[in-house]
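Okay, structure first, notes after.
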Amino acid sequence: MEKYDFNAIEKKWQDYWDENETFHAEIDHEKPKFYALIEFPYPSGQGLHAGHPRPYTAMDIIARKRRMQGYNVLFPMGWDAFGLPTENFAIQNKIHPREVTKNNVKKFKEQCKSFGWSFDWQREVDTTDPDYYKWTQWIFLQLFKSGLAYKKEMAVNWCTDCKVVLANEEVVGGECERCHGEVIRKVKSQWMLKITEFAQELIDGLADVDYPDRIAQSQINWIGRSTGAEVDFAVGTAGNVSADGDVLRVYTTRPDTLFGSTYMVIAPEHPYIEKWANSLNNIDEIRAYADKAARKSDFERSELVKEKSGVRLDGINAINPVTEKEIPVFVSDYVLMSYGTGAIMAVPGHDQRDWEFAKKFNLPIVEVVAGRDAHGIPSNIEKCAYEDTEDGVMVNSGFLNELNVSEAKSKITAWLKETGKGKKKINYKLRDWVFSRQRYWGEPIPVVWCEKCGGWVAVPEEDLPLMLPEVDNYMPAENGESPLSVLDSFINTTCPTCGGFAKRETDTMPQWAGSSWYYLRYADPHNDKEFVSKEALEYWLPVDWYNGGMEHTTLHLLYSRFWHKFLFAADKVNTPEPYLKRTAHGMILGEDSQKMSKSRGNTVDPNALVAESGADSVRLYEMFIGDFEKTATWNTAGIKGCKRFLDRTWALMDILVCGNEYSEKLAGSIHRTIKKVSEDIEQMKFNTAIAAMMTLINEIYTVGEINKAELRAFLILLSPFAPHISSEMYEMTNEGAIHNEQWLDFEPELCAFDKVEIVLQINGKIKERMMVESGTAQSTLIAAAKENEAIKAALGGKEIIKEIAVPDKLVNIVVK
RNA sequence: GCCGAUGUGUCGGAAUGGCAGACGAGGCAGACUCAAAAUCUGUUGUGGACAACCACGUGUGGGUUCGAGUCCCACCAUCGGCACCA
């Protein structure tokens, strides 16, 4: 047998799959469908990196197995191609981003094909294609018409380098996620999407899908539902606060501690600073503090401020509604305008942040809950705040005294309602989605401003796509607005409602937009009448299995679920959730165990490895590297073992003999391997599935020969992992093609071993082993153990206290 | 600070509460070769003994159990995420 020529064989099968459209899927009501989805990549200039093949190969294995199990499999691929790196490259090199994207996509596609992934290339989508973004714009218009898209003046994160507004979610470590430029707060008019309207549904929907706990939890934590109360505190000039005057509203999750509230704090952006400016003796100091705080991002305010800071609003006071005492009001940056009402009632005895602030400003700390901590030590609010809500009873709290915390919560909430001083309130941390970008390389937002109509007017659906116009310069304008803002030919238009003069919106959409619905378009990618046909939706949706990175399990997943839930409510899609099952793969680190990055110089080019060792070897190695869900460190040397395994697979041809049934010597091993590989694929335990196949081939070589039936079984198991070599060897020894084969069943009774080794222990220490028939009864095992010479000697007449036998495993005799 | 995850040979990693280290890499020894590569065979947790064998071993300290890498409590370290969320 000649040496395994992976270059020729892999090329041969990739061409075969291409020419025969082997993996093209069409609606077929005769077959059950299976929709496998991977996160489509951003086609960067560097091409694929070592992280891409891991999830793609994993879902390819699942897709190939499902096809052999008789499913009609949809496994599509596309390009999430809008975004900053392309735009920055275009700016630097004076090439149109469309050209940059075209080149990058070409490179990515060639690389993908060289891995042999079984994508349906006829369903390829590209978010920057007008035929695609036409429908992204169309979905935006549906949101707009439903009142879920609105424009708002608000403090936003402003990247001083990119000169763009960032969503909170895109600010990492106080820096711009993309360019690491300084992020400050700036007030700007922005398009917003009301994701908050779906907050509860986004939590509830998780009950109906199969997500790992850590992913469901991250969604729930991000949405951040809490139950508490809104409470109104009367405010007025110090010493003269009237109960029926102005009120300052707070949100609290601990209304039970109301008696312990000894001061209030408002956020630096709170409107009451200017509202009460005339009554404040130190307004200049307050404004200076607020200005300084406003320049910082929420992250900096929360992370970098080690010691509490703040300024008292000298001149006004508030009244605690239960104690009826006047209490001071402060401004401090530890209170955020973006959560709750932007004001808090401070309870220093039972909130550590308030406690620190109170210590610093020498404010009274009143204990209203007394209890013990987790160690059973009585609470002492002189040392730190007591935040436990499980243990403890109310003290110094008037009509709440002697109640526990939850009873106190109910009672005070009822009291607030009765007196009209507050009410129960469910609050979400989730904020509306900032949807505008002042950038070129994104979808234009299809609305126009009409003075006569007095507002924003939707571009008619029949005018979509609203094409991204040609510009000379892709840089945001000097004032930070999009490059579209300097194009008169784009801006000036007529109002579709009144026909008068109107101006187009010049902001574009964020990259998240196109990726929020791409899985729908795959079902019907060439439809120019609808974003997806009813028929395609009903057949293909929902996605059966969606795998992607852990880094997308909050933002992308939440955004796309939000769009889907909106489309479901608008009767445009037929399922309440887009993805039935979601899994997440671990990151691949460089050989130095650091995150792979160009600047660190630890990146790995997977296509160089394909050229060197073959796609099948690299595919196997990416799956063999470790637990799929965990972070893995790259080790190029590890490919060697996988390459060797394939060379040994090829060499099976040298020991091939006749035979249409499994031989006695290998039948058990083959059935066990079928079981192991089948089960491991379902649990994404690809590493142990490969190990099982390696074990089998070792056994085959020990036996010294393999017959045709055994080789066929081996190749079927291997084919999802290493499809090229399996296809070739199958073709050499069978009629037809391996992808038309059925996946294998195993017979449980044939998986069992005839004889098993039983471990004999005394007091849990192994003393001897013995072979017995599998399934031997416990009593027989114990009797046999006691007859064993080594055990007899070890027992030495000691008193037996207990005898434990586990069938097919062990016997343990406990002695004194 | 909070939340989440992870700690196992030289390395990547296996182990429904039941033989720790499967499988692979690397090392060592040998076969083949003029030689090397490739391939094949054996060996490879640590300490002690010529040896059968003994002791110790899954981040640390406790606990539950006949039996713990696995379950519980506390702690340490590393990595990731974060919005002081009231």
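By convention in this document, chain letters (A, B, ...) are assigned in the order of the sequence lines, proteins followed by strands, and residues within each chain are numbered from 1.
Protein atom CG of A:D647 is 14 Å distant from nucleotide atom P of B:G24, rounded to whole Å. In this structure, A:W650 places its CH2 atom 17 Å from P of B:U39, rounding to the nearest Å. We find that CD1 of A:I758 is positioned 20 Å from P of B:G67, with the value rounded to whole Å. Between the CH2 atom of A:W634 and the C1' atom of B:G24 there is a distance of 14 Å, rounded to whole Å. One interatomic measurement links the two molecules: CG of A:N635 to C1' of B:G26, which rounds to 10 Å at whole-angstrom precision. The CG atom of A:D627 sits 11 Å away from the C1' atom of B:U6 (whole-angstrom rounding). A:F624 has its CZ atom 9 Å from the C1' atom of B:A25, to the nearest Å. Taking atom NZ on A:K643 and atom C1' on B:A25, their separation rounds to 16 Å, with Å as the unit.
Nearest-nucleotide assignment on RNA chain B puts the 5′-proximal partner with A:I804, out of A:R254 and A:I804. Between A:D351 and A:Y701, it is A:Y701 whose nearest contact on RNA chain B lies nearer the 5' terminus.
Applying the 4.0 Å criterion to OP1 and OP2 of B:C85, one finds that A:R353 has a side-chain N or O inside that range. The phosphate of B:A86 (OP1 or OP2) has a side-chain N or O of A:Y339 nearer than 4.0 angstrom. Taking side-chain N and O atoms only, A:K640 has a distance below 4.0 Å to OP1 or OP2 of B:G26. Between A:N687 and the phosphate of B:A14, there is a side-chain N or O to OP1/OP2 separation shorter than 4.0 Å. Applying the 4.0 Å criterion to OP1 and OP2 of B:C2, one finds that A:N221 has every side-chain N and O outside that range. At the phosphate of B:C85, neither OP1 nor OP2 sits under 4.0 Å from any side-chain N or O atom of A:T253. Considering only side-chain N and O atoms, A:R214 lies nowhere under 4.0 angstrom from the phosphate OP1 or OP2 of B:G80. A sub-4.0 Å separation between OP1 or OP2 of B:G18 and a side-chain N or O of A:K809 is absent.
Centroid-to-centroid, the aromatic rings of A:F361 and A:Y263 stay 6.0 Å apart or farther. Between A:F624 and A:F645, the distance from one ring center to the other does not fall under 6.0 angstrom.
Side-chain atoms of A:N698 lie closest to B:G24 of the nucleotides B:G24, B:A25, B:A83. Taking only side-chain atoms of A:T688, from C-beta outward, the nucleotide of B:A15, B:G24, B:A86 with the closest atom is B:A15. With distances taken from any side-chain atom of A:A691 to the nucleotides B:A86, B:U6, B:A22, the minimum falls on B:A22. Closest to the A:R644 side chain, of the nucleotides B:A86, B:U39, B:G67, is B:U39. Picking from B:U6, B:G67, B:C19 the nucleotide with the shortest atom distance to the side chain of A:V759 gives B:C19. Candidate nucleotides B:C66, B:C85, B:A86 were compared by shortest atom distance to the side chain of A:I344, and B:A86 ranks first. You'll find that the side chain of A:L336 is closest to B:C85, out of B:C40, B:C85, B:G18.
No contact: A:S218 has no heavy atom under 4.0 Å from any strand. Counting non-hydrogen atoms under 4.0 angstrom, A:R225 reaches nothing in the nucleic acid. Residue A:F645 is classed as having no contact, given no heavy-atom separation below 4.0 Å to the nucleic acid. Residue A:Q761 is in base contact, counting any heavy-atom pair closer than 4.0 Å across all strands shown.
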Checklist line | side chain to side chain contact (heavy atoms under 4.5 Å, CB included) assessment of A:E622 paired with A:W634 | finding: CA-CA 9 Å; A:E622 292 255 1; A:W634 185 268; 3.4 Å; yes
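Across all strands shown, B:U39 forms a Watson-Crick or G-U wobble pair, both distances under 3.5 Å, with B:A31. B:C53 is paired with B:G48 under the Watson-Crick or G-U wobble criterion, all donor-acceptor distances under 3.5 Å. With a 3.5 Å ceiling on both atom-pair distances, the Watson-Crick or G-U wobble partner of B:G1 is B:C82. Using Watson-Crick or G-U wobble geometry with both donor-acceptor distances under 3.5 Å, B:C23 finds its partner in B:G12. Here B:A77 sits opposite B:U6 as a Watson-Crick or G-U wobble pair (both hydrogen-bonding atom distances under 3.5 Å).
Remark: A:K640 does not engage A:E612 in a salt bridge, criterion side-chain N to carboxylate O under 4.0 Å.
Within residues 672-686 of chain A, the residues having any heavy atom under 4.0 Å from RNA chain B are, by residue number, A:K685.
The list of ring-ring contact (aromatic ring centres under 6.0 Å, His included) pairs with a residue in residues 672-698 of chain A, not counting sequence neighbours, reads A:F628-A:F686.
Of the N and O atoms on the side chains of A:T649 and A:Y4, not one donor lies less than 3.5 Å from an acceptor on the other residue.
Formation of a donor-acceptor pair under 3.5 Å by the A:Y621 side chain with backbone atoms of A:N635 is found in this model. Listed for the A:E39 side chain is a donor-acceptor partner under 3.5 Å among the backbone atoms of A:G549. In this structure, the side chain of A:R619 engages the main chain of A:F721 through a donor-acceptor pair within 3.5 Å.
Atom C1' of B:G13 sits at a distance of 14 Å from the matching atom of B:U6, rounded to the whole Å.
Judged as a side-chain hydrogen bond (donor to acceptor under 3.5 Å, both in side chains), and not counting sequence neighbours, A:S613 has no contacts.
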